[in-house]
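In what follows, residues are counted from 1 in the order of the sequence shown.
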Amino acid sequence: MRFVLAIVAFVIGLLLVGLGVAQRTVFAPPSSIVAQTSATTKAPVTVIPGSVLNANPGYQRIKIDGAAFAAYGRTSDVDGWVGSTKHETLRYDAEQSELVARQSGSQSSVPDPAGSDLWYQEWDDAGQFTVRLPQDVSLLIVGKDGAAPSSVSVTWPRDTATPSVGPLMTAGGVFVLGGIALLIWAFLHQRRSRGPRRRSGGTRPPRVRASRRAAAAGAQVPSRSRRGRRSMIAVPVVLAGTLALAGCSSEYWPQGGGDASATPTPTASATGAAQQDAPTAATRQQISRIVDRVVEVATKADADKDAALAETRFTGPALELRKANYAIRAKDQDVQAPPAISSARLSVSLPEQTDTWPRTVFVVASDPADEKTAPQALTLVQESARDDYKVMYDVSLEADAKLPSVAPVSIGAAQIASDSKLLALAPDQIGTAYGDVLSKDSESQYAKDFQSDGDDLRAKIGKDYKDKKSASLPDTAKIEYSSQSPADSAIALATNGAGALVSVSLDEIEKVTPTADGAEVNTEGAVKALSGVDSSKKGVSATYGVQLLFSVPAVGSDDKLVLLGFTQGLTAASEVQ
């Protein structure tokens with residue numbers, strides 16, 4: 001009976017171990033889930049939404065057949081860039097395990113998507129790549145030369161954990177060891193049962209075995225070896241132990257601590273963006289890349305005096321100043337180039353809270369190794385999804401400028417309306433008010449609103465400067481000053497103290513005209529180079545563009561408007577008509 005139990009234990013153990021091995025071989029689940037487009041697309045653009053990419057948990061391996069550009073970005077940015085272009089949006093059919101396309105849009109042409117400021121990452125010649133994108137990020141695929149990719153597939157890793165393997169193999173090992181124990185017990189019991197017995201009805205002594213007789217005669221009789229028996233027993237013991245230890249991996253055992261089937265929350269890749277509650281115009285990585293591109297264009301355009309190149313990354317007052325500077329330097333080598341922009345350190349990065357257009361980003365860029373160049377405060381604007389960010393204001397900060405506290409990049413700041421009454425002075429009134437201060441100084445009705453300490457611009461072009469320049473003219477000429485702030489030029493971003501950072505443009509105009517018959521007005525320096533006029537009997541008009549950055553307190557505050565920085569230079573000069 002003991003031998004029967006041992007055999008049964010061996011059989012059960014081997015069956016359990018075999019079943020455990022089969023869980024990892026014959027019955028092992030597929031290692032991945034693959035979904036592929038079922039039909040050839042004709043639209044030049046394909047969009048895979050974040051919801052489709054996260055239809056299954058884990059990383060997403062994208063495979064694109066055919067020459068194509070691929071990029072991923074925030075879903076609202078991808079949708080904004082695609083616009084009304086004919087495109088296909090893929091959805092995931094779980095039953096068929098395939099990607100089904102839905103076509104929309106009407107425009108057949110599409111601009112080159114490469115280098116857009118919207119993308120978190122891009123592949124110019126995409127073939128196969130692996131990402132892990134969150135729900136609010138989508139993938140854009142654009143076929144090269146207008147031809148759509150022939151096929152697109154998404155592969156997700158599948159959970160191949162087999163939690164029953166560990167218990168099966170361990171139980172099998174226990175049964176095998178139990179069978180060995182029963183087998184040893186059975187052998188020992190059988191041996192004991194073969195001991196010497198008396199014959200019934202006789203007094204004859206028990207027969208002495210030959211071995212014992214030989215031993216009594218002095219012969220050497222080898223004792224029965226147990227090495228073979230021990231070796232026979234050790235083999236299954238080692239085998240069972242090995243099988244049991246093979247089940248020690250965590251994927252071979254049931255895991256506690258939550259629902260194993262729950263889909264993990266996807267996170268953005270290293271080059272992507274973290275999920276956030278409020279949308280912002282750009283992430284920290286995007287802002288850094290945008291500034292790098294601006295610096296590259298500015299450096300080359302300033303060196304080559306290339307206005308066309310500057311237009312790709314500058315607009316508004318910042319572009320006007322550079323274009324005029326290039327024209328002046330082409331005729332006068334003594335004129336300095338605009339202040340250099342460096343992306344070595346971005347001490348402030350403040351994107352607007354928005355997912356629509358136009359968008360605004362404010363940064364302070366500097367080079368710690370360059371002590372001669374002041375940090376540059378850049379106000380960048382993106383007019384539409386397909387436009388690049390362009391510098392609208394490029395302001396050199398004052399030496400002692402202290403910027404107000406602002407929100408981190410992940411939160412951003414709201415853009416304040418130009419006519420807002422929530423500030424001590426509405427943004428669209430600041431340029432005009434400050435122009436009046438430059439003209440009248442303490443006699444201006446707005447003088448009480450602006451802090452005079454640390455305002456270096458007043459010494460450069462303020463009332464004292466204007467009076468001295470007027471007094472230096474001969475009696476045959478006079479000078480008239482005026483200023484104007486272009487409409488809708490103010491850009492205000494909220495700060496943490498309910499105030500705002502306001503960038504605004506101001507044009508300071510100087511008109512010199514003769515006062516006597518036959519008298520002429522002579523020009524020199526930058527005015528002469530830009531106007532192309534040596535002297536004039538009608539007079540000469542010169543416009544100096546001034547880019548200003550103010551810290552503006554909230555309405556009702558006792559604080560004053562503080563000039564944080566400025567950049568000024570000649571932007572136009574001509575003969576008076």
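- A side-chain N or O of Gln376 and one of Ser396 form a donor-acceptor pair less than 3.5 Å apart.
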message = Does Val78 form a side-chain contact (heavy atoms from CB on, under 4.5 Å) with Val47? I'd like the steps, not just the answer.
response = CA-CA 8 Å; Val78 172; Val47 176; 4.2 Å; yes

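- Salt bridge absent: Asp306 and Lys300 never bring a charged side-chain N and a carboxylate O closer than 4.0 Å.
- Looking at heavy atoms from C-beta onward, Asp367 lies out of side-chain contact with Thr373 at the 4.5 angstrom threshold.
- Residues Thr280 and Val409 have side chains not in contact (no heavy-atom distance under 4.5 Å, counting atoms from C-beta outward).
- Taking both residues in full, the closest heavy atoms of Arg386 and Val82 are given as NH2-O, 3.1 Å, listed atom of the first, atom of the second, then distance.
- Between Glu508 and Lys466, at least one side-chain N (NZ, or NE/NH1/NH2) sits under 4.0 Å from a carboxylate O, which counts as a salt bridge.
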Side-chain donor-acceptor pairs of residues 537-559 under 3.5 Å, sequence neighbours excluded:
unit_1, atom_1, unit_2, atom_2, d
Gln547, OE1, Asp394, N, 2.7
Ser557, OG, Asp559, N, 3.1

task = Begin from the C-alpha positions of Val576 and Ser536 and carry the test side-chain contact (heavy atoms from CB on, under 4.5 Å) through to its verdict.
result = CA-CA 8 Å; Val576 174; Ser536 173; over 6 Å; no

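- Of the options Lys390, Arg322, Lys323, a salt bridge (Lys or Arg N to Asp or Glu O under 4.0 Å) to Glu311 is made by Lys323 and by none of the others.
- In this structure Lys440 satisfies the salt bridge (charged side-chain N to carboxylate O under 4.0 Å, His left out) test together with Asp436, sequence neighbours excluded.
- The ring-ring contact (aromatic ring centres under 6.0 Å, His included) contacts involving residues 357-390 comprise nothing, where partners must be two or more places apart or lie in separate chains.
- Side-chain contact check for Arg289 versus Asp117: every heavy-atom pair is 4.5 Å or farther apart.
- Within 6.0 Å of atom NZ in Lys144, more than 12 heavy atoms from other residues, nucleotides or ligands are found, so the atom counts as buried in its surroundings.
- Checking Phe450, Tyr434, Phe566 one by one against Asp455, the side chain to side chain contact (heavy atoms under 4.5 Å, CB included) holds for a single residue, Tyr434.
- Contact detail for Leu457 and Glu398: the closest heavy-atom pair is N-OE2, 4.4 Å.
- Around the OH atom of Tyr481, the shell of radius 6.0 Å holds more than 12 heavy atoms that belong to other residues, nucleotides or ligands.
- Using a cut-off of 4.0 Å between Lys/Arg side-chain N and Asp/Glu carboxylate O, Glu443 and Lys463 are scored as not salt-bridged.
- A search for side chain to side chain contact (heavy atoms under 4.5 Å, CB included) contacts involving Pro375 returns Val364, Ser366, Leu397, not counting sequence neighbours.
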message = Working note: Thr432 + Tyr446, criterion side-chain contact (heavy atoms from CB on, under 4.5 Å); need CA distance, chi angles, decisive distance, verdict.
response = CA-CA 10 Å; Thr432 301; Tyr446 301 104; 5.7 Å; no

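- In summary, Asp77 and Arg359 engage in a salt bridge, as defined by a charged side-chain N under 4.0 Å from a carboxylate O.
- A side-chain donor-acceptor contact under 3.5 Å links Ser104 and His87.
- The side-chain heavy atoms of Gln382 and Leu118, taken from C-beta on, include a pair separated by under 4.5 Å.
- Shown here for Tyr393 and Ala490, the closest heavy-atom pair between the two residues is OH-N, 4.3 Å.
- Rounded to the nearest 0.5 Å, atoms OG1 (Thr515) and CG (Leu473) are 9.5 Å apart.
- For the 3.5 Å distance criterion, the side chains of Arg345 and Ser347 fail to qualify, holding no donor opposite an acceptor.
- Counted within 6.0 Å of CD on Gln451, heavy atoms from surrounding residues, nucleotides or ligands total more than 12; the atom is thus considered enclosed.
- Using the six-membered ring where Trp is involved, Tyr72 and Tyr120 have ring planes that are perpendicular, over 60° apart on the 30 and 60° scheme.
- Ser343 and Val291 get closest at one heavy-atom pair: CB-CG1, 3.7 Å.
- Counting only distance, with no hydrogens or angles, the side chain of Glu352 and the backbone of Gly412 share no donor-acceptor pair below 3.5 Å.
- For Lys305, the NZ atom counts as densely surrounded, since its 6.0 Å shell holds more than 12 non-hydrogen atoms of other residues, nucleotides or ligands.
- At a threshold of 4.0 Å, the pair Arg293-Asp388 does not count as salt-bridged, since none of the basic side-chain nitrogens sits closer than that to a carboxylate oxygen.
- Between the side chain of Gln336 and the main chain of Asp334, no donor-acceptor pair closer than 3.5 Å is present.
- The side-chain heavy atoms of Pro514 and Glu520, taken from C-beta on, include no pair separated by under 4.5 Å.
- Side-chain contact between Leu53 and Ile62 is present, with at least one heavy-atom pair separated by less than 4.5 Å.
- Between Tyr465 and Lys460 the shortest side-chain heavy-atom distance does not fall below 4.5 Å.
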For residues 492-504, tabulate all N or O donor-acceptor pairs below 3.5 Å that involve a side-chain atom, not counting sequence neighbours.
unit_1, atom_1, unit_2, atom_2, d
Thr495, OG1, Gly499, N, 3.3
Thr495, OG1, Gly499, O, 3.3
Asn496, OD1, Ala407, N, 3.3
Asn496, ND2, Ser405, OG, 2.7
Asn496, ND2, Val406, O, 3.2
Ser503, OG, Thr379, OG1, 2.9

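- Electrostatic pairing of Lys528 and Asp534 counts as a salt bridge here, judged by a charged N lying under 4.0 Å from a carboxylate O.
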task = Evaluate side-chain contact (heavy atoms from CB on, under 4.5 Å) for Lys478 paired with Thr513, printing each intermediate quantity in order.
result = CA-CA 6 Å; Lys478 67 175 182 178; Thr513 55; 3.5 Å; yes

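- Considering OG of Ser452 and CG of Asp441, their distance stands at 8.0 Å, rounded to 0.5 Å.
- The existence of a salt bridge linking Asp453 and Lys560 is excluded, since no basic side-chain nitrogen approaches an acidic carboxylate oxygen closer than 4.0 Å.
- Environment of CZ in Arg284: sparse, with no more than 12 heavy atoms of neighbouring residues, nucleotides or ligands closer than 6.0 Å.
- Applying the ring-ring contact (aromatic ring centres under 6.0 Å, His included) test to every pair with at least one member in residues 325-351, sequence neighbours left out, gives no pairs at all.
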